[in-house]
Amino acid sequence: MVAATVYFFSRTWLPALATSSGGALDHQLTLNLILLGVVFCATQLALGLFVWKYRQRQVSLQVTRGGQPDARVELTWLTIAAALFLGLNIAGAAMQARVAETPLAEKPVIVEVTGVQFRWYFRQPGPDGRFGQTNPQLVDASEGNPLGIDRSNPASADDVVSSELVIPAGKTIEIRLHAQDVIHSFFVPSLRIKQDALPGQDIVIHLPPTETGTYDIACAQLCGMGHYQMNAKLKVVAEGQYRAWLRQFPPANVAQVGHPSTNKVAHR
Ligand SMILES: [Cu+2]
């Protein structure tokens, strides 16, 4: 049963890695699975052994009849368990720190990602490389302005807002993560990326250079009744295709982009 479970999960619990980096996390997960799998099997075998060995005893295990617990055995077991769990925690934290602190090899492509019940919106700065100003009082998805972009601001004219994340292959992407209402979590299983998005905070993460393809984006934080439908697609395309995709959006497209039911552009 245990072997079947391990086999099943090791094959299907994560999609294929879509980036050359990210292998460190998979290695750490595999290490955790093996070490804790050994502990799990050993304790279950010990449990079965003791049940079988003492099966004919009629009395309950009372200290007066079974003797005092052996302090050395208890201490040994506790020390091993503590070392194992602390060790795995430290190794995992060090791995995450290494990934987060690796200097970027190139200037990243910047994308703003905003979670709002129950959708993801993606904004790119356009040819001027600058995001236009936003104002929470202007947020109105039914008016085609789900992010509250201030249309009077010149930098906002070429901002592109979409409901799918389109990025060029082989480039590092800088994600500036926002949440408009409650805590969401930006989760891209194929890239092994998962980061909470918090209202009022600008959280920066980096997506590693990725192979072309279409990948799932989900919200990994239970954020309300519609949480289950808060997903989107990540489309990684060749650089030329990416430029062509950006050019499809006319300047000042913010007036046309927004709510899925009223917006053709955002659903492209
Ligand atoms: Cu959410």
Side-chain angles (χ1 to χ4, degrees), residues 9 12-19 22 25-26 29 92 96 99-100 108-125 131-149 159-167 172-208 210 213-236 253-254 256-268:
F9 277 100
T12 61
W13 75 336
L14 279 175
L17 191 59
T19 169
L25 182 72
D26 283 6
L29 282 173
Q96 288 281 31
V99 171
V109 175
I110 298 175
V111 184
E112 182 191 271
V113 177
T114 301
V116 51
Q117 290 173 318
F118 297 98
R119 295 193 58 77
W120 292 108
Y121 290 107
F122 307 98
R123 179 159 70 127
Q124 312 216 14
F131 288 110
Q133 287 174 351
T134 55
N135 180 346
Q137 292 181 329
L138 298 175
V139 170
D140 191 341
S142 64
E143 285 292 311
N145 193 4
L147 301 180
I149 296 173
D159 285 10
V160 166
V161 181
S162 60
S163 59
E164 62 183 14
L165 176 53
V166 180
I167 57 171
T172 301
I173 311 297
E174 181 168 307
I175 299 279
R176 297 183 181 171
L177 199 51
H178 296 172
Q180 228 174 51
D181 37 31
V182 299
I183 299 174
H184 299 279
S185 183
F186 181 69
F187 182 31
V188 190
S190 294
L191 300 186
R192 313 296 190 257
I193 295 279
K194 188 191 278 178
Q195 171 62 53
D196 278 2
L198 290 95
Q201 287 200 24
D202 185 32
I203 297 171
V204 175
I205 57 170
H206 292 103
L207 304 188
T210 305
T214 300
Y215 309 102
D216 290 324
I217 297 173
C219 177
Q221 184 67 261
L222 185 57
C223 57
M225 291 292 283
H227 162 69
Y228 70 94
Q229 63 186 357
M230 190 166 168
N231 50 47
K233 290 292 179 195
L234 165 65
K235 289 190 176 170
V236 185
N253 78 88
V254 287
Q256 303 155 26
V257 175
H259 199 270
S261 60
T262 60
N263 175 21
K264 293 176 193 152
V265 178
H267 261 157
R268 214 194 309 264

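In each ligand, atom 1 is the first atom listed, and ligand 1 is the first ligand listed.
- Evaluation of the side chain to side chain donor-acceptor pair (under 3.5 Å) rule for Glu174 yields Arg176, His206 as partners, not counting sequence neighbours.
- Leu191 has its side chain within reach of Leu234: a pair of non-hydrogen atoms, C-beta onward, lies under 4.5 Å apart.
- Side-chain contact between Pro199 and Ile183 is present, with at least one heavy-atom pair separated by less than 4.5 Å.
- The tally of protein N/O/S atoms under 2.8 Å from the Cu ion (ligand 1) stands at 4.
- Every residue two or more places apart in sequence or in another chain that forms a side chain to side chain donor-acceptor pair (under 3.5 Å) with Lys233 is listed here: Asp216.
- Geometrically, Arg119 engages Tyr121 in a cation-pi contact defined by less than 6.0 Å to the ring centre and at most 45° from the axis.
- For Ser185, the side chain to side chain donor-acceptor pair (under 3.5 Å) criterion is met by Asp196, not counting sequence neighbours.
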